[in-house]
Novice: 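If you scroll down you'll find the structure; I have some questions about it.
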Amino acid sequence: MAEQTSQSISISRHAFSYQPPAIQGDFQGKHIISVDQFQRADLDILFQAATAIRERIRTQDRGLTELCAGKVMASLFFEASTRTDMSFQAAMRRLGGDVIAVSNGVRFSSMYKGENLSDTIRATGCYADVIVLRHPEIGSSYEAGYYLDLLNQRIDNPTVAISGGDGIGEHPTQALLDIFTIYDQKQALDKLTITLVGDLKHGRTVHSLAKLIANYAAAEVRLCLVAPASLRMPSAITDLVKSHQITVIETDNLLDVIEETDVIYWTRIQEERFGERAAYERIKDRFIMTPRMLKLAKADAILMHPLPRKHEMGTREDHDILDADPRSIYFEQMENGMYVRMALLVKVLRGVYV
Ligand code: NCD
């Protein structure tokens with residue numbers, strides 16, 4: 001098991017200490033491992049680039065393919081993914097770059113001969129300019145950053161790591177696209193009540209999102225956390241948000257907060273993260289977003305979800321009804337993911353976006 005602190009990561013198979021660099025207005029060459037690296041000004045820079053890229057795609061501007069021409073992205077996914085993997089691949093291709101992956105999937109990589117993640121990462125780093133890594137172990141992306149820094153001292157072509165989710169740790173790029181989507185829909189975050197619902201213990205998307213929201217104290221954002229007692233947000237994260245003087249309301253009953261919520265962020269109970277099946281079965285039906293429930297929300301609320309969804313949005317019929325509601329914006333959220341990832345790739349690989 002791995003242990004995570006805000007300062008360093010130690011993984012039992014090989015202890016090391018690594019803190020990803022703060023962005024501070026300069027993305028070039030920096031690994032993207034945690035939302036802790038971002039301040040509000042960095043988010044503004046990234047979102048401006050994502051907006052400009054989206055506009056250029058909408059107006060059929062073909063110049064985008066020059067931005068990452070000749071660059072290679074390696075897609076290294078040791079956990080299931082549809083959106084993160086494909087949006088990164090699409091992003092890189094739309095920027096004119098190439099994408100590599102292990103032929104026939106990572107199940108045929110040397111890790112299945114017993115190779116360490118650190119060696120697999122460095123092998124990939126010898127071939128690619130950027131590696132997008134998803135791995136089931138918390139801290140794995142920190143390990144990637146640490147070993148790529150060592151490798152980069154020895155090879156001509158340095159490589160950047162971007163986390164696509166590390167176990168129950170973080171999912172930084174998802175949180176970036178989530179905040180971008182809230183901006184997009186609401187124009188500003190000022191005075192918004194943002195409510196995260198579901199498996200807040202194991203959900204890496206909500207961990208990163210809550211931490212990013214801490215950047216918006218000046219906007220007087222309020223954060224509501226709705227989860228059963230056994231699946232509450234880790235206290236290290238709630239404490240961090242509170243330390244920024246943001247009001248945090250925790251409850252196990254959505255009805256306490258739904259009427260005053262502007263952004264409802266629904267999540268899946270993370271079945272694969274439960275040690276014991278019975279524990280999952282006991283909790284899995286606690287929070288279901290149905291068309292009846294959405295009726296209670298504000299007329300201008302938005303309903304987000306990182307997806308995939310299962311029964312936490314009711315039946316297939318319920319899905320269809322929810323999807324048709326203009327307040328449901330998870331498909332727009334998904335599309336934004338590609339624009340934000342395009343902006344991020346350009347920024348880390350080239351530094352600028354013009
Ligand atoms: C999420 C993930 O993988 O953490 N999905 C995503 O990346 N869009 C959410 C989940 O699996 O529930």
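When a ligand or atom number is given, it counts from 1 through the structure's own listing order.
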Novice: If the test is side chain to side chain contact (heavy atoms under 4.5 Å, CB included), which one of Leu196, Ile302, Thr195 qualifies with Tyr265?
Specialist: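 Answer after filtering Leu196, Ile302, Thr195: Leu196.
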Novice: Which protein residues have a heavy atom under 4.0 Å from ligand 1?
Specialist: Thr84, Arg134, His171, Gln174, Arg204, Thr205, Arg268, Gln270, Pro306, Leu307, Pro308
Novice: Would you say the rings of Phe274 and His202 are close, in the sense that their centroids are separated by under 6.0 Å?
Specialist: yes
Novice: Please check this pair: side chain of His311 against backbone of Lys284, looking for a donor-acceptor N/O pair closer than 3.5 Å.
Specialist: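 Yes, the answer is positive, given that a donor and an acceptor are paired below the 3.5 Å cut-off.
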Novice: Thr267 side chain to Val197 main-chain N or O, any donor-acceptor pair under 3.5 Å?
Specialist: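 Yes; at least one donor-acceptor contact below 3.5 Å.
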Novice: State, to 0.1 Å, how close Tyr330 and His305 come at their nearest heavy-atom pair, and which atoms those are.
Specialist: CB-O, 3.7 Å
Novice: Should Lys191 and Glu220 count as an ion pair when the cut-off is N to O under 4.0 Å?
Specialist: yes
